[in-house]
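Step one of this worksheet: look at the structure below.
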Amino acid sequence: MTSTSTPPGLARFNALEESAARAALHAVCASTAWARRLLAARPHATAEDLYAASDAATAELTTADLQEAMAGHPPIGRPEPGDPVSAREQSGMAGAPDGLKAEMLELNLAYQEKFGHVFLICATGRTGEDMRDAARERLGNAPEREREIVRTELGKINRIRLARLVEED
């Protein structure tokens, strides 16, 4: 018979007092509505249950909720000083040539002007060129299309960050 015990990191998360669990979730995603849904679903039996709850909560975010979530993400190429999470996630831009960094800054500004929020992409494992090309391509999107891409990218980021949260021993 195989063990279906809850992984230690997930058990720890499930056992956290609500304010501590809320703070841990806020570090994953700045959306209050998203965190509220994940808190309400505790305890999560498996990491997959947690990820499924995250996906469902992300799918139901309103435009205002998405704006709140995006406000917690620094622009690509400019991770928050002292924030190891954004620095790690954006490591593909860290060693990029100055010309690419300058181009990404221009694309970030053009994107923000068009859509009213940061260019959000799941940067983990992507090169600076990948992110630049995605920003160029997505600048041509209609706002409705871009909002759905942002929702998808946010869901990917949330899963990666939740995995880090619950897989810690």
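The CD1 atom of Ile121 sits 12.5 Å away from atom NE2 of His73, with the distance rounded to the nearest 0.5 Å. Here the straight-line distance linking atom CG of Leu50 with atom CZ of Arg159 works out to 9.0 Å at 0.5 Å rounding. Taking CD of Glu113 as the reference point, atom CG of Leu109 lies at 8.5 Å (rounded to 0.5 Å). Atom CE of Met104 is separated from atom CE of Met131 by 7.0 Å, given to the nearest 0.5 angstrom. Rounded to the nearest 0.5 angstrom, Leu25 CG and Arg161 CZ are separated by 12.0 Å. In this structure, Arg36 CZ and Ser31 OG are separated by 8.0 Å, a value rounded to the nearest 0.5 Å.
Under the 4.5 Å side-chain heavy-atom criterion for ILVMFWY residues, no single connected hydrophobic cluster contains both Ile149 and Val118. Transitive grouping of hydrophobic side chains (ILVMFWY, heavy atoms separated by less than 4.5 Å) keeps Ile160 and Val150 in distinct clusters. Hydrophobic clustering, with ILVMFWY side chains joined whenever heavy atoms are under 4.5 angstrom apart, groups Leu139 together with Met93. With hydrophobic clusters built from ILVMFWY side chains whose heavy atoms lie under 4.5 angstrom apart, Val28 shares a cluster with Tyr51.
Taking a 6.0 Å sphere around CZ of Arg136, one finds it holds more than 12 heavy atoms contributed by other residues, nucleotides or ligands.
When side chains are defined from C-beta on, Leu165 does not count as touching Leu10, because their heavy atoms never get closer than 4.5 Å. Between Ser54 and Leu38 there is a side-chain heavy-atom pair separated by less than 4.5 Å. Side chains of Trp34 and Glu60 form no contact here, defined as non-hydrogen atoms less than 4.5 Å apart. Inter-residue side-chain proximity for Leu107 and Glu103 is flagged as met; some heavy-atom pair is nearer than 4.5 Å. Annotation: side chain of Arg22 is not in contact with side chain of Thr32 (no heavy-atom distance under 4.5 Å). In this structure, Leu154 and Leu61 have side chains that are in contact, with non-hydrogen atoms separated by less than 4.5 Å. Counting heavy atoms from C-beta outward, Thr127 and Arg132 have side chains that stay 4.5 Å or more apart. Two residues are said to be in side-chain contact when any heavy atoms from C-beta on lie closer than 4.5 Å; Arg42 and Leu16 meet this criterion.
Taking all atoms of both residues into account, the shortest heavy-atom contact from Ala53 to His44 is CB-CE1, 3.8 Å. Closest heavy-atom contact between Leu39 and Ala21: CD2-CB, 3.5 Å. Closest of all the heavy-atom pairs between Cys29 and Ala69 is SG-CB, 3.8 Å.
Side-chain atoms of Glu48 and Thr46 include no donor-acceptor pair closer than 3.5 Å. Looking at Asp55 and Thr58, their side chains never bring a donor and an acceptor atom within 3.5 Å of each other.
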task = With side-chain contact (heavy atoms from CB on, under 4.5 Å) as the test, would you mind laying out the steps for Ile157 and Leu120 before giving the verdict?
result = CA-CA 10 Å; Ile157 294 165; Leu120 187 75; 3.9 Å; yes
key: Candidate pair His117 and Gln112, rule side-chain contact (heavy atoms from CB on, under 4.5 Å), full reasoning   = CA-CA 5 Å; His117 56 79; Gln112 189 147 4; 5.8 Å; no
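Ring orientation note: the planes of Phe119 and Tyr111 are nearly perpendicular, at an angle over 60° on the 30°/60° scale.
Side chain of Arg126 to backbone of Gly92: no donor-acceptor contact under 3.5 angstrom is found. Checked by atom type and distance alone, the side chain of Arg147 never pairs as donor or acceptor with a backbone atom of Leu66 at under 3.5 Å. Judged by distance alone, with hydrogens and angles left aside, the side-chain atoms of Asp65 form a donor-acceptor pair with the main-chain N or O of Thr62 at under 3.5 Å.
Here Glu153 pairs with Lys156 in a salt bridge; the nearest charged N to carboxylate O distance falls below 4.0 Å.
For Lys114, there are no salt bridge (charged side-chain N to carboxylate O under 4.0 Å, His left out) partners two or more places apart in sequence or in a different chain.
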